[in-house]
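Report on the following structure.
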Amino acid sequence: MKPVLALVGRPNVGKSTLFNRLTKSRDAIVADFAGLTRDRHYGNAKQGKHEFIVIDTGGFEPDAASGIYMEMAKQTRQAVAEADVVIFVVDARGGLSAQDHDIANYLRRLGKPCVLVANKAEGMLEGVQLVEFYELGLGEVHPVSAAHGQGIRSLVDLALASFVESEGDATQEVEPGVIRLAVAGRPNVGKSTLINVWLGEERLVAFDLPGTTRDAISVPFERNGQKFELIDTAGLRRRGKVFEAIEKFSVVKTLQAIESAHVVLLLIDATQGVTDQDAHIAGYILENGRAVVLAINKWDAVDDYQRELVKRSIETRLAFLKFANLHLISAQKRQGLGPLWVSIAQAYRAATCKMSTPILTRLLLESVQFQSPKRAGMYRPKMRYAHQGGMNPPVIVIHGNSLEHVTEAYKRFLEGRFRKEFDLVGSPLRIEFKTSANPFAEKTQ
């Protein structure tokens with residue numbers, strides 16, 4: 001699983017600028033005044049072959065007792081609990097402050113791996129201006145400039161050093177032939193209850209309280225000769241259970257479970273309908289190309305009117321998952337659970353489907369003959385052949401000329417033809433176009 005780095009520090013030290021630099025994005029709003037960031041912000045980052053998750057946080061005041069600063073402190077504590085390594089950011093130009101001491105004391109009490117970073121250190125003499133930060137008792141001070149990109153690579157290498165060393169061993173843990181099935185959804189939708197029913201024992205704690213599950217639990221399971229690894233997605237890690245308020249949804253643990261799974265079973269609570277959180281989880285599943293099965297749990301607890309509302313919300317808010325099978329179940333009463341396994345197996349087969357080049361090319365040419373792509377000015381896209389470019393999710397690569405002019409509507413048309421031919425139910429399908437170079441391009445100029 002991807003390691004998690006949390007950026008912590010007082011306001012206006014450059015945490016969001018560092019977040020944008022690490023994620024190579026502009027997702028975090030940056031401005032020259034304090035208190036702009038308030039919530040936790042998650043982003044995927046990559047350096048070389050190593051991928052990791054970065055959490056941006058607001059200005060941290062550990063002793064804040066009321067108001068917005070107390071809520072921001074809760075968000076930061078949650079980020080620290082989810083993180084594998086904390087990056088404590090201080091202002092090299094602003095110097096050491098009492099608030100930096102408070103944050104350092106809090107981090108030392110936790111005993112979590114911490115890297116002390118002095119931001120805005122461009123053009124400064126390391127040995128002179130940075131010596132005061134050693135008072136924090138967090139070891140070596142690492143000068144960086146998030147705005148100019150100085151020292152970022154060495155910072156990431158240092159933060160990920162322990163993970164890079166054990167990365168080779170971690171990749172060997174997955175047993176071939178085992179389907180990794182992640183059960184995802186908001187808290188209290190019945191994920192642990194469903195897995196307990198499948199196992200036939202109270203393997204996981206199930207209780208009518210959001211946040212009962214505190215970590216991503218993997219359970220081996222075998223059904224009809226097929227081995228599975230069931231992953232119950234989590235709330236907080238156990239290290240964060242000292243908090244008074246249990247977070248409703250642990251982003252990091254769910255994202256990691258989705259990324260490592262072959263198939264994701266997305267559970268939705270029929271009593272609450274499709275929420276923004278459900279849509280966010282579904283979007284992340286699609287973004288990562290995971291096969292998915294939808295299940296509406298607690299179907300026995302709603303009346304006909306609520307059932308109709310839930311179905312309509314599925315059609316509107318989760319329309320981008322229309323390729324996935326939908327099941328109406330009750331985990332507690334064990335209703336509708338049998339067909340789930342059929343859809344899970346179907347989704348896994350679709351995700352790992354092997355498509356031969358002759359069949360793909362024939363289907364492509366038949367589709368073009370049935371409906372040609374739209375002309376773009378003087379050019380009409382010409383598609384010559386297709387082949388498979390990957391699995392889980394399946395990728396189809398189409399070669400030809402002027403393919404950059406293919407419209408999204410025609411791309412969806414081709415996707416529908418390919419899905420029907422290979423019965424790709426439950427898995428996303430990605431189509432890539434590769435245009436051949438024009439050998440006469442230079443002569444025509």
Side-chain angles (χ1 to χ4, degrees), residues 2-48 50-62 72-73 75-97 99-100 102-104 106-107 112-124 126 129-130 133 136 138-164 251-252 255:
K2 295 181 182 179
V4 182
L5 310 182
L7 308 180
V8 175
R10 59 185 172 87
N12 208 31
V13 294
K15 298 185 296 298
S16 295
T17 304
L18 181 57
F19 175 89
N20 287 343
R21 177 68 63 176
L22 292 171
T23 59
K24 297 180 175 63
S25 70
R26 295 184 179 178
D27 291 343
I29 301 175
V30 177
D32 190 19
F33 63 88
L36 188 63
T37 304
R38 293 184 175 178
D39 298 308
R40 303 194 311 280
H41 193 183
Y42 296 80
N44 286 306
K46 183 177 182 180
Q47 179 168 295
H50 311 298
E51 298 182 357
F52 54 99
I53 295 173
V54 186
I55 312 177
D56 184 22
T57 64
F60 188 29
E61 296 186 14
M72 291 165 61
Q75 294 284 325
T76 303
R77 291 190 185 97
Q78 171 65 21
V80 171
E82 294 176 342
D84 296 301
V85 178
V86 177
I87 297 180
F88 179 19
V89 185
V90 295
D91 189 339
R93 297 190 179 274
L96 196 60
S97 71
Q99 195 171 345
D100 290 329
D102 294 338
I103 298 173
Y106 171 76
L107 295 177
K112 181 165 290 192
C114 181
V115 178
L116 180 58
V117 174
N119 191 27
K120 308 180 186 179
E122 61 274 12
M124 298 180 66
E126 300 177 13
Q129 287 94 335
L130 303 181
F133 294 106
L136 299 176
L138 293 174
E140 193 73 22
V141 182
H142 303 276
V144 304
S145 173
H148 296 84
Q150 298 173 3
I152 302 300
R153 180 174 292 276
S154 58
L155 167 63
V156 174
D157 289 340
L158 177 66
L160 299 180
S162 60
F163 300 98
V164 173
V251 178
V252 166
L255 299 191

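Arg10 meets the salt bridge (charged side-chain N to carboxylate O under 4.0 Å, His left out) test with Asp100; sequence neighbours excluded. The side chain to side chain contact (heavy atoms under 4.5 Å, CB included) search around Gln150 returns Glu122, Ser145, His148, not counting sequence neighbours.
Listed for the Gln47 side chain is a donor-acceptor partner under 3.5 Å among the backbone atoms of Arg153. A distance-only check finds no donor-acceptor pair linking the side chain of Thr23 to the backbone of Ala45 [under 3.5 Å]. Side-chain atoms of Lys112 do not come within 3.5 Å of backbone N or O of Val86 as any donor-acceptor pair.
Of all heavy-atom pairs between Leu107 and Cys114, the closest is CD1-SG, 3.9 Å. For the residue pair Phe133 and Asp91, the shortest heavy atom distance occurs at CZ-O, 3.3 Å. Smallest separation of non-hydrogen atoms from Ala146 and Ile152: CA-CD1, 4.3 Å. Of all heavy-atom pairs spanning Lys120 and Arg93, the tightest one is O-NE, 3.0 Å. Among all heavy-atom pairs drawn from Ala79 and Ala6, the shortest one is O-CB, 3.8 Å.
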Item checked: Stepwise side-chain contact (heavy atoms from CB on, under 4.5 Å) test for Phe52 and Asp84 -> CA-CA 10 Å; Phe52 54 99; Asp84 296 301; over 6 Å; no
Note to self: The test is salt bridge (charged side-chain N to carboxylate O under 4.0 Å, His left out); show your working for Asp56 and Lys15 and say whether it passes.
What the structure shows: CA-CA 7 Å; Asp56 184 22; Lys15 298 185 296 298; 5.9 Å; no
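Here the side chains of Val90 and Leu136 are in contact, with some heavy-atom distance below 4.5 Å. Between Pro3 and Leu160, the closest side-chain pair of non-hydrogen atoms falls below 4.5 Å.
A distance of 10.0 Å separates NE2 in His142 from CD1 in Ile87, rounded to the nearest 0.5 Å. Of the inter-residue distances, the one linking Leu5 atom CG with Ile53 atom CD1 reads 9.5 Å to the nearest 0.5 angstrom. Note that CZ of Arg77 is 12.0 Å distant from OG1 of Thr57, once rounded to the nearest 0.5 Å. Note: Phe88 CZ to Ile103 CD1 = 4.5 Å, rounded to the nearest 0.5 Å. In this structure, CG on Asn119 lies 10.0 Å from CG on Leu155, to the nearest 0.5 angstrom.
Across Thr76, Val89, Val13, Ile55, a single residue satisfies side-chain contact (heavy atoms from CB on, under 4.5 Å) together with Val8, and that is Thr76.
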